[in-house]
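Below, chains carry the letters A, B, ... as their sequence lines are ordered, and counting in each starts from 1. Because the structure is a prediction, the values reported are computed rather than measured.
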Amino acid sequence: MSKARVLYWFRTDLRLHDSPALAAALALQPSVLYPIWCWDSHYVYHSRVGPNRWQFLLDCLEDVSSSLTTLNPASKLLVLREPAVTLLPKLFKEWGITHLVFEKDTDSYAQARDKEVVASARQCGVEVVVGPQSRTLWDSEDVVKANGGKPTMSITQLQAAGKKVGPIPRPIEAPTSLSGPGETGLAGISQTRPVVEEGVGDINAKYRSSSETSYTSGLAGPNNDFSIPTLEELGMPPATTTIRGGESVILSRLSRILADEEEWAATFEKPKTSPAAFEPQSTFLTSPYLHFGALSARYFYHSVEDIVEKRRAEKKAVSTPPVSLTGQLLFRDMYFAAQSAIGYPFGQTYNNAHCRFIPWHLPSKVDTTTGLVTGGYEVDSAVKEQEFIRWREGRTGFPWIDAIMRQLKYEGWIHHLARHAVACFLTRGGCYISWERGAEVFEEWLVDHEAACNIGNWQWLSCTAFYSMFYRCYSPVAFGKKWDDNGTYIRKYCPELRHLPKKYIYEPHKAPLKDQREAGVMIKGDGTEADFNGIPVYPKPMFDFATQRDICLEGMKNAFKVGLHGDHAKVLDGTWKELFADGGEGPTEGGVGGPGGMGGFGGEDREDHEEPAAGVTPKRSSGRSKASTAPESAKKGGRKREHSQGTLDGAFVKKAKS
DNA sequence: GGTTAGGTTGGTCTA
DNA sequence: TTAGACCAACCTAAC
C-alpha cells in the first residue's frame, strides 16, 4: 500500500463501472481515498434546472454513495457544499491530500474551472491525475483533430474521424474493493459561501417554492455528515417525473433488456419508434443516465455491439448506424465534438461561423464586446411573444404539440421525434421564433438535458446547422396521426380532450358544438381560461397552420438566399437588416435597430430568468422606434453570459476576478 | 470544375 | 394497408 492520499472528484461520471478516471485513482493504490462531490453554485444558482432534473441528479449521487459503501462500509460520497475552485485548495491541506484525480471534461466551462483547480493543486504540491474522457465514445478533442481541426457537422464526418482516432475503448470493470477515507474533520477550514452573481441573478429562483438553504449549514451539511442535499434544502417543490436516476437503476434495466429483448435491441431503428408511445416509451431512455455519467456510453455501445456482432455471425437481421442504437451514440459524439471545436459560440447564432443566420423573431440579446448572448431576448413582436408562451405552456390549440409540451414539462422527457415536432413548429415550420428560445425551455425541463446535444438538435431542426432541407416540414396534425390515429397520447396529456371523437382529436376546433358538449369540453379562446362555467376549455389554434407554413417557407428561402452566417460582419454589426425586405418574415425593419437582440425594436426586453407572465399580453410596441440605432449593450455595458456550456456545473462563468 | 447522389426519421396522392 | 412518385429544392461529399 502506497502513501497516496487521494481525492477522487466525481463530476460527469456518477458511476463505478467503466470509469477510467476512477481506475487511475485506484492504480495509485491509495492508503486513503476520499470520493467527493463539490456542491457547485453554478448549478444551484446559475443554470436552468427544474425539480425533475435536480431529483435525477440527487438520485445519481445517492446511488454512487451507496455503491461506495457496499465496497467499503467506511466509505461514501462526501458532498462538500462549496464550489471546487475555492474549496479544493483548503481541502488539500486539511486532509493531507497527495493526489487529485478526476476525469477530463471538454466543456468550455469545465475546462476553465479545471485549469484553475489544477493550478491551485500544483501550488499546494498536490499531484493531479486527469483521467481520459469517457463521456463520449471517442475523446472529443481527438475527433476534432482527426477532422482537420474542424467541428464535425455531419455524421459521415464523425464516422470518418472516429475511424482515424481508433477503436472505441472496451469498458473496464467496476472496482471490487476500495480504500476508505481517512480523517474527515473540517475543523481547520471554513466555508466560503458562494454568492449569487451580480447582474446574472439566481436563475433557478423561479422553480423554488421556498428559500434555498443548501449552503447555510456549513461544508458538511446540517448533520455534519456530508449528506446529499435534498430538494427541500434546495427550496424546490417535489419532482413530478416518474423517471428516477442512478447507476444501479440503469444497469439492471439495461441488462434485462439486452437479455430478454435482444432482437429488439439489435434491430432497433430510431425512425420506426413511435413518439406517441408512453408507459412504456418506445426507446431506451438512457439519455439522462448518459448525461450524468450513471451509464457509460462505451459500456452501452459495446453491450449492444456485442449482440449485433453475435447476430451477424448467425446471419440474423441487425440494424446499422445512423438508425441503430449505436448510431444514436454516434450523433451524440458528433455534437460533443462540434461543441468542443466551436466553444462558447456553439450555443448561439451570434458570432457562430457554423450557424446560419435567419432573422428569427424573439432574438437573443447580444453583447458586442464579448460576442456572447446576454441571457435575455428581445420581444420584437407581441404576437410572437404570446405564441412562444403558448407553445411553452402547451396551449397552442394544436393538441399534438400541446400534449408533447405538457409531457415535457411534467415528465422531463419526450421522444426524439416529438422533440422534432415541437422544435420544427416553434422555428421554421410554424412560429418563426428563434431556436435559442426553444433550446432554453428544453434546458429547463429535460431530465436528459445535454448542452451539446440540445443545442445541436435545435440547430438541426431549425435548419441553421447540420441540416438544411427546410421544405421537409412536420405537420402538427398529420405527423402525430401517422403514429397514433386514435390520439391516445393526446388524451393522456391533454385530458380535457379525452372524450372527443377520434375524428376531431387532432383538430378539436373542427368539432361541432354538439360533439364538444358531449365530450365535455369547450373549444374557445387563447388558452388563458381553463374552464367556462365549470366546463373545461381547450383553446382554438393560435394560427392557421397552412398559412403560417407558407410564410415560414418563404422566409427560409429568402434567408438561405441571403446566405449569412453568425460570424458575418453584417450580422455582427446589425446591418444585415439592409439585406432583408421590411415586409419579410422576422424582425426586419430595414436599417432600423441593432443586430438580433441589440435593441432598437421598441419592444419589451426579457431576461431569461424572468417568467413571462402567462396569459398577460405584453404591452405592444407603439410603433417601432426609428430613432435608436445604437446597440443597447454599447450603452449599458453587457454582462458576460456563456450559454449552456457547463453540463453539470452551470451555464455561467464567473466574472473575472477584479 | 461541373455533375450527381445522398442526406437519421415530411406530406400527399395514387395505384 | 402500403409502397412509390412527386412536391420543390436545401447543402455537401464524391467523382
Side-chain angles (χ1 to χ4, degrees), chain A residues 137 147-148 150-164 267-277 281-284 287 304 318-335 338 353-358 398 400-401 404 414-430 435 453-454 456-486 506-507 544-566:
Chain A
L137 302 177
N147 196 45
K150 295 193 295 283
T152 44
M153 301 306 285
S154 72
I155 197 65
T156 44
Q157 280 179 5
L158 182 277
Q159 283 172 304
K163 218 173 179 179
K164 281 189 215 166
T267 59
F268 179 94
E269 291 182 41
K270 185 65 155 283
K272 291 185 182 167
T273 59
S274 170
Q281 74 289 339
S282 62
T283 51
F284 264 67
S287 46
V304 173
V318 294
S319 56
T320 50
V323 295
S324 65
L325 274 178
T326 52
Q328 310 313 303
L329 291 170
L330 294 176
F331 277 107
R332 184 169 174 272
D333 263 48
M334 177 185 80
Y335 290 133
H354 299 274
C355 184
R356 188 174 288 283
F357 177 81
I358 290 160
F398 295 94
W400 170 245
I401 300 297
I404 294 168
I414 49 178
H415 185 277
H416 188 69
L417 289 179
R419 299 180 197 204
H420 280 213
V422 295
C424 180
F425 184 86
L426 183 72
T427 58
R428 67 181 165 85
W435 64 267
C453 301
N454 188 47
N457 276 318
W458 272 95
Q459 292 181 356
W460 184 300
L461 263 301
S462 61
C463 289
T464 51
F466 300 101
Y467 188 77
S468 53
M469 292 184 275
F470 57 76
Y471 45 89
R472 288 201 173 168
C473 182
Y474 290 84
S475 157
V477 174
F479 186 66
K481 265 188 189 167
K482 192 167 78 180
W483 296 101
D484 177 18
D485 192 34
N486 186 46
Y506 281 87
E507 294 174 286
D544 176 66
F545 178 72
T547 310
Q548 200 54 37
R549 180 183 170 277
D550 289 345
I551 290 170
C552 286
L553 268 174
E554 273 312 302
M556 292 299 285
K557 239 188 278 185
N558 186 46
F560 269 67
K561 208 164 77 191
V562 173
L564 300 177
H565 283 78

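Using a 4.5 Å cut-off on side-chain heavy atoms (C-beta onward), R356(A) and F560(A) make contact. A heavy-atom distance below 4.5 Å is found between the side chains of Y467(A) and R472(A). At least one side-chain heavy atom of Y506(A) sits less than 4.5 Å from a side-chain heavy atom of W400(A).
Rounded to whole angstrom, the span from the CZ atom of R428(A) across to the P atom of dG11(B) amounts to 11 Å. At whole-Å resolution of the value, OH in Y467(A) and P in dC10(C) are 14 Å apart. Across the protein-nucleic acid pair, M334(A) atom CE and dT8(B) atom P stand 8 Å apart, rounded to whole Å. Atom CD1 of I358(A) is separated from atom C1' of dC11(C) by 13 Å (rounded to the nearest Å). The distance between atom CZ of F479(A) and atom C1' of dG10(B), rounded to the nearest whole Å, is 8 Å. One atom, NZ of K557(A), and another, P of dC7(C), lie 14 Å apart when rounded to the nearest Å. Atom-to-atom, CD of Q548(A) to P of dG11(B) comes out at 17 Å; the value is rounded to the nearest Å. Atom CE of M469(A) is separated from atom C1' of dA13(C) by 14 Å (rounded to the nearest Å).
Within the 3.5 Å criterion, the main-chain N or O of L137(A) finds a donor-acceptor partner in the side chain of D333(A).
For the P atoms, the distance from dG7(B) to dA9(C) is 22 Å, rounded to whole Å. dA5(C) sits 14 Å from dG6(B) when the P atoms are compared, rounded to a whole Å. Straight-line distance between the P atoms of dC10(C) and dG1(B): roughly 23 Å, to the nearest whole Å.
Counting any heavy atom pair closer than 4.0 Å across all strands shown, F331(A) reaches a base atom. Among the protein residues, I155(A) comes within range of the sugar-phosphate backbone only, with heavy atoms under 4.0 Å from sugar or phosphate atoms but none that close to a base. Across all strands, R549(A) comes closer than 4.0 Å to no nucleic acid atom at all (heavy-atom distances). Nucleic acid contact for F560(A): sugar-phosphate only, since backbone atoms but no base atoms lie under 4.0 Å from a heavy atom of the residue. Within the 4.0 angstrom heavy-atom criterion, only backbone atoms of the sugar-phosphate kind lie near Q157(A); the bases stay farther away.
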DNA chain C in dot-bracket form (Watson-Crick or G-U pairs under 3.5 Å, [ ] crossing, | inter-strand) is .||||||..||||||
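Using the six-membered ring where Trp is involved, Y335(A) and W460(A) have ring planes that are perpendicular, over 60° apart on the 30 and 60° scheme.
Between the side chains of H415(A) and T273(A), at least one donor-acceptor pair of N or O atoms lies under 3.5 Å.
Each of dG11(B), dT8(B), dA8(C) was ranked by its minimum atom distance to the side chain of K482(A); first place goes to dG11(B). Closest to the S475(A) side chain, of the nucleotides dG11(B), dA8(C), dT9(B), is dG11(B). Nearest nucleotide to the A478(A) side chain, out of dT8(B), dA8(C), dG11(B): dG11(B).
With hydrogens and angles ignored, no donor-acceptor pair closer than 3.5 Å exists between the side chain of S468(A) and the base of dC11(C).
The two residues M469(A) and R428(A) make their nearest non-hydrogen contact at O-NH1, 4.2 Å. Residues C463(A) and I358(A) approach most closely at O-CD1, 4.2 Å, considering heavy atoms.
Checking the phosphate oxygens (OP1, OP2) of dC10(C), no side-chain nitrogen or oxygen of R356(A) falls inside 4.0 Å. In terms of phosphate contacts, Q328(A) brings no side-chain nitrogen or oxygen within less than 4.0 Å of OP1 or OP2 of dT8(B).
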